[in-house]
Amino acid sequence: MKVKYNLIHEEKNTQARLGKIETNYGTYDTPMFMPVGTQATVKTLSPEELKDVNSGIILSNTYHLWLRPGENVVDHAGGLHKFMNWDGPILTDSGGYQVFSLAKPKDITEEGVYFKNHLNGDRLFLTPEKSIEIQNKLDSDIAMSFDECPPASADHQYMKESVERTLRWAARGKAVHNNERQSLFGIIQGGPYEDLRKFSAIETVKLDFDGYSIGGVANDDESKDDMYKAIEYSVPYIPKDKTRYLMGVGEPIDIIEGVIRGIDIFDCVLPTRLARHGHAFTHSGKINLKNAKYKEDFSPIDDECDCYACKHYTKAYIKHLINSEETFGARLLSIHNIRFLIKMTEDIREAIKNDELLEYRKKFVKEYYHEDI
RNA sequence: GCGAAGUUGGUGAAGUGGUUAACACGCCGGAUUGUGGCUCCGGUAUGCGUGGGUUCGAUUCCCACACUUCGCC
């Protein structure tokens, strides 16, 4: 089946909305945060642990699975769900982000994109059709269109050409998409430019996808203000009965600001990457467990957290694991950080239900950033 | 007791008669937003065993002493 978005409630004071998304593997509440499992695993977590933190959809990656183990291996295994023993929904990114992270501008052609294989340096060529074919074989629940994700600093002229090319790629991908069980989402681009976001949104919606995402945000050269504007410029043109996905965003405040502007789902590597580097989200701010002050801190990471790590382990112990490069430390912190963001979305849903999202933001910012807004 | 070699930061160590003593690890911080990277970026010896001497100038040369290691009685 195709994913179906059901609107439950629109928050009174903002664009935020409460919804349910129906998938092949169950129905899930939105706004939602999707943990990232690039290589068919959310780094360091077992599927059971993902369930424990109340994960809904998880994200995996076309580019990486294409290179290794290859889409045919996953296909022969019976699809990505069976291959990785995950019976929840899976969204696959198209490889479009790797256009941004691995290719050079001159490698982008109308036909597709040349990549340098990060594993062995081989020259690779990925097209919109190829990306969709791979995703069909991976048999994820939601496939993403193959797009170009230009830096926010790209000038208007380049961005315009890029947006138009991404639209042509979206149409080409949709034309070859051939998996009844799999939905296909379109991606709105346009950087910080209002006219281009509007154009991209309207034209992408015309192609009629099962859901829409806003891409090209949270690049390192983009200000928060530009990111929020990019959302505001795009959302009004997305039909209300379709899922709105803000790609790559996962800093706590950005999730809140995204929801306020009408976003339903988010994904981000931040919780797992920060975990591997020893950082933890807490209700009173981000902390670095490598800091010497935690050496004999025998309290949990966050005394308000209900995760496995916080229930059973201390900062001092986890710090020791991180300092000793023991993988259990990264695992405990990943569990915690993912749970933190998912718990946040649970609280956000409650706030939307009560039309108190702005109050929630005020309280969160006060506690997390120690600032008044 | 005799002989030899050596003594540079928390550690392993480079190095030079003359601006800020290399590098690595560790330690102390920071970064991280559709994940190539257990990654990246900073900081970290006011001093080169101790005391004298030579020299315009010594961590670098000389002497003595202490300590360490090895070998021989």
Side-chain angles (χ1 to χ4, degrees), chain A residues 33-44 57-68 91-103 115-122 124 131 135 140 142-150 152 166 185-189 213-224 226-228 230-231 245-258 263 265-281 286-295 319 321-331 333-334 337 341:
Chain A
F33 175 77
M34 305 187 290
V36 174
T38 301
Q39 311 201 67
T41 174
V42 174
K43 291 186 195 299
T44 75
I57 308 173
I58 63 169
L59 179 146
S60 198
N61 200 290
T62 302
Y63 167 77
H64 301 261
L65 297 179
W66 175 43
L67 299 192
R68 190 171 56 187
L91 177 150
T92 40
D93 187 25
S94 62
Y97 185 73
Q98 279 65 43
V99 177
F100 168 69
S101 63
L102 296 175
F115 289 91
K116 191 172 181 183
N117 180 332
H118 70 278
L119 300 174
N120 61 17
D122 280 357
L124 300 169
S131 171
Q135 294 184 74
S140 55
I142 301 171
M144 299 303 301
S145 287
F146 185 70
D147 65 330
E148 184 191 352
C149 183
T166 286
F185 279 22
I187 303 176
I188 298 161
Q189 288 287 352
S213 62
I214 296 170
V217 296
N219 292 346
D220 52 12
D221 57 350
E222 184 194 45
S223 70
K224 282 196 185 299
D226 280 344
M227 169 164 71
Y228 300 154
I231 303 168
Y245 162 31
L246 185 65
M247 305 187 81
V249 168
E251 206 169 276
I253 188 62
D254 294 338
I255 290 179
I256 296 172
E257 297 294 345
I263 299 299
I265 60 178
F266 301 82
D267 81 279
C268 194
V269 304
L270 209 51
T272 43
R273 179 180 289 162
L274 287 179
R276 275 175 276 123
H277 297 167
H279 296 247
F281 296 125
K286 193 178 77 178
I287 63 172
N288 182 355
L289 284 167
K290 287 183 174 174
N291 289 172
K293 62 183 172 183
Y294 299 116
K295 193 163 189 170
K319 170 182 173 55
L321 295 178
I322 292 290
N323 283 356
S324 313
E325 296 178 46
E326 286 290 344
T327 56
F328 190 47
R331 182 165 146 215
L333 279 180
S334 292
N337 283 342
L341 293 184

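Scope of the values below: all heavy atoms of this structure, side chains included, with no hydrogens, waters or symmetry mates. Convention: sequence-line order gives letters A, B, ...; per-chain numbering from 1.
His277(A) qualifies as a stacking partner of the U39(B) base, centre to centre under 5.5 Å and near-parallel within 30°.
Comparing Asn61(A) and Glu325(A) by the nucleotide of RNA chain B whose heavy atom lies nearest to each, the residue mapping closer to the 5' end is Asn61(A).
Residue His64(A) is classed as a sugar-phosphate contact, given heavy-atom separations below 4.0 Å to backbone atoms only. When heavy atoms are screened at a 4.0 angstrom cut-off, Lys295(A) is found touching no nucleic acid atom at all. Among the protein residues, Glu222(A) comes within range of no part of the nucleic acid, since none of its heavy atoms lies under 4.0 Å from any strand. Residue-level contact check: Asp93(A) touches the bases, meaning some heavy atom is under 4.0 Å from a base atom. Counting any heavy atom pair closer than 4.0 Å across all strands shown, Gln39(A) reaches no nucleic acid atom. Residue Leu274(A) is in base contact, counting any heavy-atom pair closer than 4.0 Å across all strands shown. The residue Asn219(A) sits apart from the nucleic acid: no heavy atom pair falls under 4.0 Å. The residue Ile187(A) sits close to a base: some heavy atom pair falls under 4.0 Å. Residue contacts for Ser213(A): at a heavy-atom cut-off of 4.0 Å it reaches no nucleic acid atom on any strand shown.
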**Request:** Determine, step by step, whether Leu341(A) and Ile255(A) satisfy the side-chain contact (heavy atoms from CB on, under 4.5 Å) criterion, reporting the C-alpha distance in whole Å, the side-chain angles of both residues, the deciding distance to 0.1 Å, and the verdict.
**Result:** CA-CA 9 Å; Leu341(A) 293 184; Ile255(A) 290 179; 4.1 Å; yes
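A centroid separation of less than 6.0 Å is found between the aromatic rings of Tyr63(A) and Phe115(A).
Out of G30(B), U35(B), U33(B), the shortest distance to the side chain of Val249(A) is found at U33(B).
Atoms CD and CG, on Gln98(A) and Asn61(A) in that order, are 4.5 Å from each other to the nearest 0.5 Å.
Residues Leu333(A) and Leu289(A) are in side-chain contact: their nearest non-hydrogen atoms beyond the backbone lie under 4.5 Å apart.
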